[in-house]
Peer 1: 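Below: one structure in structure tokens.
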Protein chains: 2
Amino acid sequence: MEKQQNLSKNQKIIFDLIDKSPEPLKAYSILFNVQKKGINAPLQVYRALDKLVEIGKIHKIESRNAFIACQNSSCQISKATAFSICESCEKVSEISNTKLSKYLSNFADEAGMKYSKYNLEFFGLCKKCKSK
Amino acid sequence: MEKQQNLSKNQKIIFDLIDKSPEPLKAYSILFNVQKKGINAPLQVYRALDKLVEIGKIHKIESRNAFIACQNSSCQISKATAFSICESCEKVSEISNTKLSKYLSNFADEAGMKYSKYNLEFFGLCKKCKSK
DNA sequence: TTGCAAATGTTATATTATTACATAGTGTTA
DNA sequence: TAACACTATGTAATAATATAACATTTGCAA
């Protein structure tokens, strides 16, 4: 089910960087880090990011304008994402909880409208920060 | 329970504008609209927005960098927000569904971590756009 | 009526993201 | 293989979003 071989040169460079990072990366920090590999312009980064998001290899943390690699092997395409974000150290983890994703994927509002996609961000203190 | 009287001059001008708007407003569109009222600089807008978000009078739609007035009278402070967003016409509505908010407020991840805050954005097509 | 916290005003600048246009690679199929 | 469509790349310029730093003013409680 892995599509990594399909990635183009720039997409691969940028995915690898994000995938290795322990924390979400911002576009211009990515740019800075890949300049030695010949990626010089913001647009090159944003184009790769757009594509990687589209195919579900990475997710955008909207509240932080930052990107992390998808941690969820069953998440072929990023239509249902949930994250936990520590407001102290900014650690971000992807939540893969079957009950939660089922609940949200099946959620219909008062008018019975169902949704094709959602993004959920939880905020709090991670274990480490809580015990400080 | 209304706190509107507490709003400062700039906060009130900006809240009124957002509250009257049928759609989420972006910071610089707000700036443009309040320049006749003597608010000249981005920072004046952002400061008011920050405060209004903090006290729960408005919410930020993170995926759109835009702001809407809180529709939920019981939402004194914006710690638990959910929105439906039409990907075609960009209509945004706040969802106030007791079951959903209870479910999410009580959600604890694998490690048992509970969260003090969340923001959920659903995407799909609104009724009008679906029938087109 | 002083003193503090919150809010305002102003300039400059940082950060995030897109437009526009030209070129090159990749895969399909006639 | 030639023609085509589609995707990706390269580059420059600029738009859109957001914050830093500093000076001043206002509201209100002790």
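Keep in mind that the numbers below use all heavy atoms, side chains included, and drop hydrogens, waters and symmetry copies. We name chains A, B, ... by the order of the sequence lines, and we start the count at 1 in each one.
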Peer 1: If you compare every side-chain N and O of B:Asn65 against the phosphate oxygens of C:dT16 (OP1, OP2), does one of them come in below 4.0 Å?
Peer 2: no
Peer 1: Can you give the first and last nucleotides of DNA chain D, 5' to 3', that have an atom under 4.0 Å from a heavy atom of chain B?
Peer 2: D:dT17 to D:dA21
Peer 1: Hey, would you say the A:Phe107 and B:Phe122 ring centroids sit under 6.0 Å apart?
Peer 2: yes
Peer 1: Could you state the atom-to-atom distance from CG of A:Leu31 to C1' of C:dT18 in whole Å?
Peer 2: 15 Å
Peer 1: Might you point out which heavy atoms bring A:Ala69 and A:Ile18 nearest each other, and give the distance in Å?
Peer 2: N-CG2, 3.4 Å
Peer 1: Of A:Ala41 and B:Pro42, whose nearest nucleotide on DNA chain D comes first from the 5' end?
Peer 2: A:Ala41
Peer 1: Should A:Asp16 and A:Lys20 count as an ion pair when the cut-off is N to O under 4.0 Å?
Peer 2: no
Peer 1: When you compare the side chains of B:Ser63 and B:Glu121, does any donor N or O come within less than 3.5 Å of an acceptor on the partner?
Peer 2: yes
Peer 1: To the nearest angstrom, how far is A:Asn6 atom CG from C:dG27 atom P?
Peer 2: 9 Å
Peer 1: Roughly how many Å is it from NZ in A:Lys12 to C1' in C:dG25, rounded to a whole number?
Peer 2: 19 Å
Peer 1: Starting at the 5' end of DNA chain C, which residue's closest nucleotide do you reach first, A:Lys60 or B:Ile39?
Peer 2: B:Ile39
Peer 1: Separation of B:Arg64 atom CZ from C:dT18 atom P, in whole Å?
Peer 2: 11 Å
Peer 1: Mark yes when over 12 heavy atoms from residues, nucleotides or ligands other than B:Lys127 sit less than 6.0 Å from its NZ; otherwise mark no.
Peer 2: no
Peer 1: For the side chain of A:Gln11 and the backbone of A:Ser8, is there at least one donor-acceptor N/O pair under 3.5 Å apart?
Peer 2: yes
Peer 1: Taking CD from B:Gln35 and P from C:dG9, how many angstroms apart are they, rounded to a whole number?
Peer 2: 13 Å
Peer 1: Tell me whether the count of non-hydrogen atoms from other residues, nucleotides or ligands lying under 6.0 Å of NZ in B:Lys128 goes above 12.
Peer 2: no
Peer 1: Should B:Glu23 and B:Lys91 count as an ion pair when the cut-off is N to O under 4.0 Å?
Peer 2: no
Peer 1: Let's see if you get this right: which residues in residues 20-30 of chain B place a heavy atom under 4.0 Å from DNA chain C?
Peer 2: none
Peer 1: Please confirm whether B:Tyr103 and A:Tyr103 have ring centers closer than 6.0 angstrom.
Peer 2: yes
Peer 1: Please determine if a side-chain N or O atom of A:Lys9 lies less than 4.0 Å away from the OP1 or OP2 oxygen of C:dA24.
Peer 2: no
Peer 1: Nearest-Å distance, NZ (B:Lys51) to P (C:dA5)?
Peer 2: 13 Å
Peer 1: To the nearest Å, give me how far apart CG (B:Leu49) and P (C:dA7) are.
Peer 2: 13 Å
Peer 1: Rounded to the Å, how far apart are B:Tyr46 OH and C:dT16 P?
Peer 2: 12 Å
